[in-house]
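The shown structure was predicted, so the numbers you read here are calculated from the model rather than taken from an experiment. Here is the naming used below: chain letters follow the sequence lines, and residue numbers restart at 1 for every chain.
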There are 2 protein chains.
Amino acid sequence: MNIGDAAARTGLPPKTIRYYEEIGLIRPARGNSGYRDFSDADVHKLAFLGRARALGFSIEDCRTLLGLYEDESRSSADVKRLARSHLAQIEDKIAALQSMRATLSHLVDACAGDERPDCPILRDLAEG
Amino acid sequence: MNIGDAAARTGLPPKTIRYYEEIGLIRPARGNSGYRDFSDADVHKLAFLGRARALGFSIEDCRTLLGLYEDESRSSADVKRLARSHLAQIEDKIAALQSMRATLSHLVDACAGDERPDCPILRDLAEG
DNA sequence: CTTGACCTTCCAGCAACTGGAAGCCCTATC
DNA sequence: GATAGGGCTTCCAGTTGCTGGAAGGTCAAG
């Protein structure tokens, strides 16, 4: 099938699919015309990648996950280790964002938001 | 003062400070040697930028905030609007990450993490 | 006078795409 | 058979916010 159909089935934009081929995540066949010809297995891989990306895994993690998926002799420990490390990073990010949110929402609440120049937000940024 | 001192006082790397000059956030003077010569006001601005960046504001938001800070006739409403919009983005990101965390931690918990190939994480990525 | 730390500019690269240009392919319709 | 359109191709550039490194100028100490 053509790239447009593969895109429709996976929810990934054609540009992204081409990019995934460029960096070696997939290797779709080519027809006589030069058009990519996606097999069901290609589409399956793309969907796998889309879901892994949606869970926030990096491209390199996705490459590893795909390798593990295709390796019948993998151990689930390897998968779990990768997922746990990624989970830890997500938790770090959440913590950082929550800290920003706490500070910011205090500042926003303290700001009158009227026509006067006096502003606790700017004061905080200026003074620390 | 030289860039190294400005860096030490603001906690920003020299590279970052040069970058901020390049994109027009600051305009430090230059000595005869060609070295940048940072005034206290420059350092103050850099510290302001550092704190705004630490709260997750984009560079363009920082530019706007700095402009508002230096505009004596600003209205705090403009600052508050910007901060609130940024806060909303942070909350969206937190929600997205929490959703990832929920899915991932379930999967991680369900995975035995031993030497066998059977793995709920990969199964979920493969099947959806 | 040399050494070493500091400073300068410029170029390249990171992640993961996204947009756009120039041009080929395929099908349908007139 | 010509043409119009939509989809496909490649390639290049841009995004965000720096960061690393190379090649070379400057300055203070010994």
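Side-chain N/O atoms of B:Tyr35 and base N/O atoms of D:dG25 include a donor-acceptor pair closer than 3.5 Å. Under 3.5 Å, the side chain of B:Lys15 and the base of D:dG17 form no donor-acceptor pair of N or O atoms.
Distance A:Glu22 CD to D:dT10 P: 10 Å, rounded to the nearest Å. Counting to the nearest Å, the C1' atom of D:dG17 and the CG atom of B:Asp61 are 14 Å from each other. Between the CG atom of A:Leu25 and the P atom of C:dA15 there is a distance of 13 Å, rounded to whole Å. Atom pair B:Phe38:CZ and C:dC7:C1' shows a separation of 11 Å (rounding to whole Å applied). Between the CZ atom of B:Arg30 and the P atom of D:dG25 there is a distance of 17 Å, rounded to whole Å. The CG atom of A:Asp5 sits 17 Å away from the P atom of D:dG6 (whole-angstrom rounding). One atom, CG of B:Leu49, and another, P of D:dG17, lie 12 Å apart when rounded to the nearest Å. Per the geometry, CD1 belonging to A:Ile23 stands 13 Å off C1' belonging to C:dC14, to the nearest Å.
Comparing C:dT9, C:dC17, D:dT19 by their closest approach to the side chain of B:Thr16 singles out D:dT19. Comparing D:dG17, C:dA16, C:dT9 by their nearest atom to the side chain of A:Arg53 picks out C:dA16. Taking the side chain of A:Ser58 as heavy atoms from C-beta on, and the options D:dG20, C:dA16, D:dG17, the nearest nucleotide is C:dA16. With distances taken from any side-chain atom of B:Ile59 to the nucleotides D:dG17, C:dT18, C:dT9, the minimum falls on D:dG17.
Of the residues near DNA chain C, B:Ile3 and A:Pro13, the one whose nearest nucleotide (by heavy atom distance) lies more toward the 5' end is B:Ile3.
In this structure, A:Arg18 does not reach the D:dG7 phosphate: none of its side-chain N or O atoms is under 4.0 Å from OP1 or OP2. Between A:Arg63 and C:dA15 there is no side-chain polar atom (N or O) within less than 4.0 angstrom of OP1 or OP2. The side chain of B:Ser33 contributes an N or O atom lying less than 4.0 Å from OP1 or OP2 of D:dC27. Phosphate proximity of C:dT9 to B:Arg36: present, with a side-chain N or O under 4.0 Å from OP1 or OP2. Checking the phosphate oxygens (OP1, OP2) of C:dA15, no side-chain nitrogen or oxygen of A:Tyr19 falls inside 4.0 Å.
The shortest side-chain heavy-atom distance between B:Leu104 and A:His86 falls under the 4.5 Å cut-off. Taking the side chain as every heavy atom from C-beta outward, A:Tyr20 and A:Lys15 never approach each other to under 4.5 Å. Side-chain contact check for B:Ile121 versus A:Leu82: every heavy-atom pair is 4.5 Å or farther apart. Side chains of A:Arg101 and B:Leu87 form a contact here, defined as non-hydrogen atoms less than 4.5 Å apart. Considering only heavy atoms from C-beta on, A:Arg27 stays 4.5 Å or farther from A:Arg36 through its side chain.
Side-chain contact annotation: A:Ser39 with A:Asp42, donor-acceptor N/O pair under 3.5 Å present.
If you check every strand for non-hydrogen atoms under 4.0 Å, A:Tyr20 touches sugar and phosphate atoms only.
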